[in-house]
Chemist: 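Below you'll find the structure I mean.
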Amino acid sequence: MPEDSPTFLRQTVTAQPTAAVTGAYPQLRLRRNRTHGWTRRLVAETRLGIDDLIWPIFLRDESCVEAEIPSMPGVRRVSLAELSDAVGRAAELGIPAVALFPYVEPDKKTAACDEAVDPENLICRAVRKIKAETPNLGVICDVALDPFNALGHDGIVHGDRILNDETIDILCRQALVQAEAGCDLVAPSDMMDGRIGEIRRRLDVEGYQDVAICAYAAKYASAFYGPFREAIGSGAALKGDKQTYQMNPANSDEALREVALDLDEGADMVMVKPGMPYLDIIRRVKETFAVPTLAYQVSGEYAMIRGAGLQGWIDGDRAMMEALLSFKRAGADGIFTYFAIEAAERLRAG
Ligand code: PBG
């Protein structure tokens with residue numbers, strides 16, 4: 001800080017808390033605050049609560065195959081008949097919201113993704129059921145074409161291109177059928193340019209001003225989505241990868257541009273995804289924009305913690321809680337996690 005800068009500025013700067021206390025031992029011993037359970041609790045800087053958790057649920061039709069998902073032990077695809085119990089438990093634990101993802105039978109997948117905009121699709125039926133039974137539980141729907149796409153991509157495929165503007169049109173219609181079914185928050189996870197603004201406009205025109213949008217703003221082309229693609233059955237069909245729309249893991253400034261654009265276009269919340277390998281992005285987004293920022297602890301992160309825990313290589317429960325806390329420390333306001341029920345049970349038990 002130059003000598004001639006205004007006093008208030010210099011004061012503000014010198015008043016910043018500083019970690020630069022060197023050479024203070026033996027007067028200063030940081031271990032003193034760690035001595036007792038009560039001091040550790042008292043000086044804890046970050047807390048994880050049930051209010052921070054969002055539970056992603058995979059849905060299946062009654063006719064569907066398997067409930068089990070081999071790469072996600074402990075996570076099941078839930079049928080509509082099983083849904084009441086599942087969401088009832090979430091509501092009873094005080095989890096604020098669930099996020100829905102459909103397993104779509106291969107014979108219902110088309111290149112035009114027709115099933116995505118059918119008001120009778122699995123997602124819409126599930127939303128109506130949840131809203132009728134547990135109206136105070138938040139319902140979040142993914143706006144993206146991949147579960148419905150015969151080609152596995154999040155957009156309409158033309159040759160080897162993923163068409164941006166044609167995709168947006170279908171995404172708007174998809175968001176509308178979800179809103180009509182009673183969805184509270186639509187979450188576009190497709191990474192097409194300009195979709196937040198268009199979806200906002202279309203929802204408003206149709207009278208859904210109160211339906212909120214959570215933009216998957218900084219979504220990376222990640223290897224950690226593998227188990228999810230197995231869960232929704234989109235992986236087998238996928239040709240190529242998603243690098244022409246999802247972000248390069250090398251980039252961080254670009255995440256801020258994505259977030260800025262989505263906020264300008266009307267996003268109410270933004271999301272960073274995956275979670276743990278991108279804690280630096282969560283921190284930058286939160287510090288730059290100070291808006292509601294969510295993190296998604298994705299399927300591969302779940303699989304690693306669960307898998308190693310089941311092998312006995314790590315303490316799975318402690319690793320789960322530590323990973324969730326790390327999102328809060330990085331600045332996230334909420335966390336999509338497949339551990340939501342277990343974490344909430346632990347939090348409730350204290
Ligand atoms: C796709 C979508 C993906 C996830 C959520 N929405 C996968 C992808 O982009 O291929 C991944 C979530 C997870 O891995 O848990 N619209």
Chemist: Could you tell me whether the side chain of T293 and the main chain of V270 form a donor-acceptor pair under 3.5 Å?
Modeler: no
Chemist: Please enumerate all residues that pass side-chain contact (heavy atoms from CB on, under 4.5 Å) together with P96, with sequence neighbours excluded.
Modeler: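 So P96 forms no side-chain contact (heavy atoms from CB on, under 4.5 Å) with any residue.
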Chemist: Does the cation-pi check pass for R60 over Y103, that is, NZ or CZ under 6.0 Å from the six-membered ring centre and within 45° of its axis?
Modeler: no
Chemist: Can you list every salt bridge (Lys or Arg N to Asp or Glu O under 4.0 Å) pair that touches residues 301-310, not counting sequence neighbours?
Modeler: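 Sorted result for residues 301-310: R306-E342.
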Chemist: Identify the heavy atoms of C183 and V139 that sit nearest to each other, and give their distance.
Modeler: SG-O, 3.6 Å
Chemist: Which residue pairs pass the salt bridge (Lys or Arg N to Asp or Glu O under 4.0 Å) test when at least one of the two sits in residues 39-53, sequence neighbours left out?
Modeler: D52-K328
Chemist: Once side chain to side chain donor-acceptor pair (under 3.5 Å) is applied, do any residues pair with E180, and if so which ones, sequence neighbours excluded?
Modeler: none
Chemist: Considering non-hydrogen atoms only, spot the tightest contact between F224 and P274 and give its length.
Modeler: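 Nearest pair, atom of F224 first, then P274: CB-CG, 4.3 Å.
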Chemist: Are I341 and F101 connected, step by step, through hydrophobic side chains (Ile, Leu, Val, Met, Phe, Trp, Tyr) whose heavy atoms are closer than 4.5 Å?
Modeler: yes
Chemist: List the residues meeting salt bridge (Lys or Arg N to Asp or Glu O under 4.0 Å) with E206, not counting sequence neighbours, and say none if there are none.
Modeler: none
Chemist: Supply the atom-to-atom distance N121 CG to R125 CZ, rounded to the nearest 0.5 angstrom.
Modeler: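 With rounding to 0.5 Å, CG (N121) is 7.5 Å from CZ (R125).
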Chemist: Given 3.5 Å as the limit, does a donor-acceptor pair link the side chain of T35 with the main chain of R31, or not?
Modeler: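 Between the backbone of R31 and the side chain of T35 there is a qualifying donor-acceptor contact (under 3.5 Å).
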Chemist: Tell me, yes or no, whether the heavy-atom count around D210 atom CG, taken from other residues, nucleotides or ligands under 6.0 Å, exceeds 12.
Modeler: no
Chemist: State whether E254 and R257 are salt-bridged, where the test is any N-O pair (Lys NZ or Arg NE/NH1/NH2 against Asp/Glu carboxylate O) under 4.0 Å.
Modeler: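 Between R257 and E254 there is no salt bridge, as every charged N stays at least 4.0 Å from the carboxylate O atoms.
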Chemist: Using the rule that Ile, Leu, Val, Met, Phe, Trp and Tyr join whenever any side-chain heavy atoms are under 4.5 Å apart, tell me whether I170 and L238 fall into a single cluster.
Modeler: no
Chemist: Is a side-chain N or O of N164 found less than 3.5 angstrom from the main chain of D193, in a donor-acceptor match?
Modeler: yes
Chemist: Can you measure from CG (L151) to CG (D146) and round to the nearest 0.5 angstrom?
Modeler: 12.0 Å
Chemist: Would you say K242's side chain and Q246's backbone share a donor-acceptor pair under 3.5 angstrom?
Modeler: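 Pair absent, no side-chain N/O of K242 close to backbone of Q246.
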Chemist: Can you tell if the side chain of I69 reaches within under 4.5 Å of the side chain of R76, non-hydrogen atoms only?
Modeler: no
Chemist: Ignoring hydrogens, what is the shortest heavy-atom contact between D253 and R284? Give both atom names and the distance.
Modeler: OD1-NH1, 2.9 Å
Chemist: Under 4.0 Å between a Lys/Arg side-chain N and an Asp/Glu carboxylate O for R89 and E345?
Modeler: yes
Chemist: Between E322 and R318, does at least one N-O distance fall below 4.0 Å, as a salt bridge requires?
Modeler: no
Chemist: Where do T337 and P56 come nearest, in terms of heavy atoms and distance?
Modeler: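 Between these two residues, the closest heavy atoms are O-CD, 3.1 Å.
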Chemist: Test your reading of the model: is there a side-chain donor-acceptor pair from D333 to the backbone of L294, 3.5 Å cut-off?
Modeler: no
Chemist: Remaining members of V104's ILVMFWY cluster at a side-chain heavy-atom cut-off under 4.5 Å?
Modeler: F148
Chemist: Going through the distances and angles, do Y216 and D142 end up as a side chain to side chain donor-acceptor pair (under 3.5 Å)?
Modeler: CA-CA 10 Å; Y216 284 64; D142 206 56; 3.1 Å; yes
Chemist: Does K219 count as lying over the ring of Y225, i.e. NZ or CZ under 6.0 Å from the six-ring centre, within 45 degrees of the axis?
Modeler: yes
Chemist: For the atom pair OG (S252) and CG (D280), what is the distance rounded to the nearest 0.5 Å?
Modeler: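 Atom-to-atom, S252:OG and D280:CG are 5.5 Å apart.
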Chemist: Name all residues meeting the side chain to side chain donor-acceptor pair (under 3.5 Å) criterion together with D262; count only those two or more places apart in sequence or in a different chain, and write none if there are none.
Modeler: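 Side chain to side chain donor-acceptor pair (under 3.5 Å) list for D262, sorted by chain: R195.
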Chemist: List, by chain and then residue number, the residues other than V177 in its hydrophobic cluster (Ile/Leu/Val/Met/Phe/Trp/Tyr, side-chain heavy atoms under 4.5 Å); write none if there are no others.
Modeler: none
Chemist: Given side chains that start at C-beta, do those of L48 and L347 come closer than 4.5 Å, heavy atoms only?
Modeler: yes
Chemist: Main chain of G182, side chain of R128: is a donor-acceptor contact present, judged purely on distance under 3.5 Å?
Modeler: no
Chemist: Kindly compute the distance separating SG (C113) from CD (Q174), expressed to the nearest 0.5 Å.
Modeler: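 Result: 8.5 Å between the selected atoms.
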Chemist: With salt bridge (Lys or Arg N to Asp or Glu O under 4.0 Å) as the rule and sequence neighbours excluded, what pairs involving residues 108-118 come up?
Modeler: D61-K108
Chemist: Step by step, would you call R200 with D204 a salt bridge (Lys or Arg N to Asp or Glu O under 4.0 Å)?
Modeler: CA-CA 6 Å; R200 184 70 272 162; D204 287 356; 2.9 Å; yes
Chemist: Test your reading of the model: is there a side-chain donor-acceptor pair from S299 to the backbone of M72, 3.5 Å cut-off?
Modeler: no
Chemist: Atom CG in D85, atom CD in E92: separation rounded to 0.5 Å?
Modeler: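 That separation rounds to 10.5 Å.
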Chemist: Does atom CD of E133 have more than 12 heavy-atom neighbours from other groups under 6.0 Å away?
Modeler: yes
Chemist: Y296: what forms a side chain to side chain donor-acceptor pair (under 3.5 Å) with it, not counting sequence neighbours?
Modeler: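 In terms of side chain to side chain donor-acceptor pair (under 3.5 Å), with neighbours along the sequence ignored, Y296 is linked to Y338.
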Chemist: Taking CZ in R348 as the centre, count heavy atoms belonging to other residues, nucleotides or ligands within less than 6.0 Å. Is the count above 12?
Modeler: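 Counting other residues, nucleotides and ligands, CZ of R348 exceeds 12 neighbours.
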Chemist: Taking all heavy atoms of A81 and all of E62, pick out the closest pair and write down the distance.
Modeler: N-OE2, 3.3 Å
Chemist: Under the side chain to side chain donor-acceptor pair (under 3.5 Å) test, which residues partner N33, sequence neighbours left out?
Modeler: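 In terms of side chain to side chain donor-acceptor pair (under 3.5 Å), with neighbours along the sequence ignored, N33 is linked to no residue.
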Chemist: Could you tell me whether the side chain of R283 and the main chain of R329 form a donor-acceptor pair under 3.5 Å?
Modeler: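 Yes, because the side chain of R283 sits within donor-acceptor range (under 3.5 Å) of the backbone of R329.
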Chemist: Walk me through it: do Y302 and F339 pass the test ring-ring contact (aromatic ring centres under 6.0 Å, His included)?
Modeler: CA-CA 8 Å; Y302 172 88; F339 288 121; 4.6 Å; yes
Chemist: Keeping the roles fixed (side chain from H153, backbone from G240), state whether a donor-acceptor pair exists under 3.5 Å.
Modeler: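 Pair absent, no side-chain N/O of H153 close to backbone of G240.
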Chemist: In Å, rounded to the nearest 0.5 Å, how long is the span from CD1 of I130 to CG of N136?
Modeler: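 I130 atom CD1 to N136 atom CG measures 13.0 Å (nearest 0.5 Å).
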Chemist: Using the test side-chain contact (heavy atoms from CB on, under 4.5 Å), find all partners of A303 that sit at least two apart in sequence or belong to another chain.
Modeler: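 side-chain contact (heavy atoms from CB on, under 4.5 Å) list for A303, sorted by chain: P227.
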Chemist: Determine, stepwise, if the pair R34 / T39 fulfils side chain to side chain donor-acceptor pair (under 3.5 Å).
Modeler: CA-CA 6 Å; R34 298 179 201 137; T39 46; over 6 Å; no
Chemist: Could you tell me whether R202 and D169 have a side-chain N and a carboxylate O separated by less than 4.0 Å?
Modeler: yes
Chemist: Decide if atom CE of M247 counts as having more than 12 heavy atoms of other residues, nucleotides or ligands within a radius under 6.0 Å.
Modeler: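 Yes, enclosed.
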Chemist: Taking all non-hydrogen atoms of both residues, which atom of D154 and which atom of S189 are closest, and how far apart?
Modeler: OD2-O, 3.4 Å
